[in-house]
Amino acid sequence: MKKLIGPISQLLTMRALPLKGALADNQLEIISHAGLYIENEYILEVGDYQLLEEKYKHVEQVILEADMVCLPSYVDCHTHIAFAGNRANDFALRNAGSSYLEIAAAGGGIWSTVQHTRACDVELLTQLIVMRANSLLQQGITTVEVKSGYGLNVEQEVKTLRAIKEANKQTAVDLIPTCLAAHMTPRDFEGTSEEYLKYIQELFPIIKAENLTNRIDAFIEQSAFSAEEIRNYLAKANEWVFDITLHADQFTTSGSALAVEVGAVSADHLEASTEREIQLLAASDVVAVALPAASIGLGCAFTPARALLDAGASLAIATDWNPGSAPMGQLVASASILATMQKLSNAEVLAAITYRAAHALRLSDRGRLVEGQLADFTLYSTNNYQNITYLQGALQPSSVWKNGQEVYSQQA
Ligand SMILES: [Zn+2]
């Protein structure tokens, strides 16, 4: 089915922008009075509306009556939305000055999420994922990475990954699963961290047989796994031909250097990265993923996004939506706040949540509005794209399209 959509006040294509390095707003291609010509799930042509209208007289038209800004739908490349339970009490305790250990002693912390998620059957966990994916969709996000990691044994991790796979069929959003069995050594595992990392390798053949994911993540931190502990696990993951992504440099460094060493697709967090890590990442093909909602949730430093971009790194921004450190789940709001704290251009913010985030997931078919890409786009009822970051998330999309279909409309 062919359709011509327009006229669009401003259409941002993200065409020809590089994967790495700083970007200025005058590098953005902005087509005024634009049309978007699509066939089934793909974009055939973007350009001047009048010219397209003359060229494609006989195709179905979706006529926009009001001012609209159109840009590629967003990609949230790092979330933990496969969870059950609620950590509002942890948040209150932390803000009132309680330590990590005091919160854990009060029955909170990640272990409470593990218990709630384990107690959830696959159907309920699926519903929770679909509900959260659909709320991200209303923000203009049509691709969402989802990690396991609150199961923390073979059976429960498989359950979580199956729930993500099933949820993918029940939402218009594309869900990209990742196995994060190496989130931490669970309290009920009888053995060392090394033994746990060996045990969870039992997941690899199951994941491959059921095609549950092609991505493996691990948490490199003093509270989780050291770079030395995780090396064998990642080498095994490599043998099974998984893409590797790492939680790196959140509180202490070493994760990002390991990400570069093992050729990870991304290194995520990086709040603690110093000049050394910034240079290592910039010289590599590893995408640096900033998670400002975690900085906001914990009240700690932001990822040095400005320095990463200036050094030449590729920067993506994601929500890290999880019940502990990043409960907000707001991509544009948190990215806009990172922009004020780190002095990022609109082009850098929008690149970080479109084609650069897609690249962090090794998806090359989305994130730009150009011929041959998926027709995943979002329309905002405004005549100026700058309002998106200026209003820091308060401007919500009026219409969201995925694979050439309108899947969300504010009026509906
Ligand atoms: Zn995370």
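Just so it is clear, the structure is predicted and the values come from calculations on it, not from any experiment. Just so you know, these numbers use all the heavy atoms, side chains as well, and skip hydrogens, waters and symmetry mates. Indexing begins at 1, ligand by ligand and atom by atom, following the structure's order.
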Can you tell me the N, O or S atom of D320 that's nearest the Zn ion (ligand 1)?
-> OD1
Thinking salt bridges, do E210 and K165 make one under a 4.0 Å N-O criterion?
-> no
Test: R306 and D310 ion pair at under 4.0 Å | yes
Does H78 bring an N, O or S atom to under 2.8 Å of the Zn ion (ligand 1)?
-> yes
Quick one: are the ring centres of F225 and Y233 less than 6.0 Å apart?
-> no
Any cation-pi pair here, K208 with F242, using under 6.0 Å and within 45°?
-> yes
With rounding to 10 degrees, H80 NE2, the Zn ion (ligand 1) and H247 NE2 define an angle of 100°
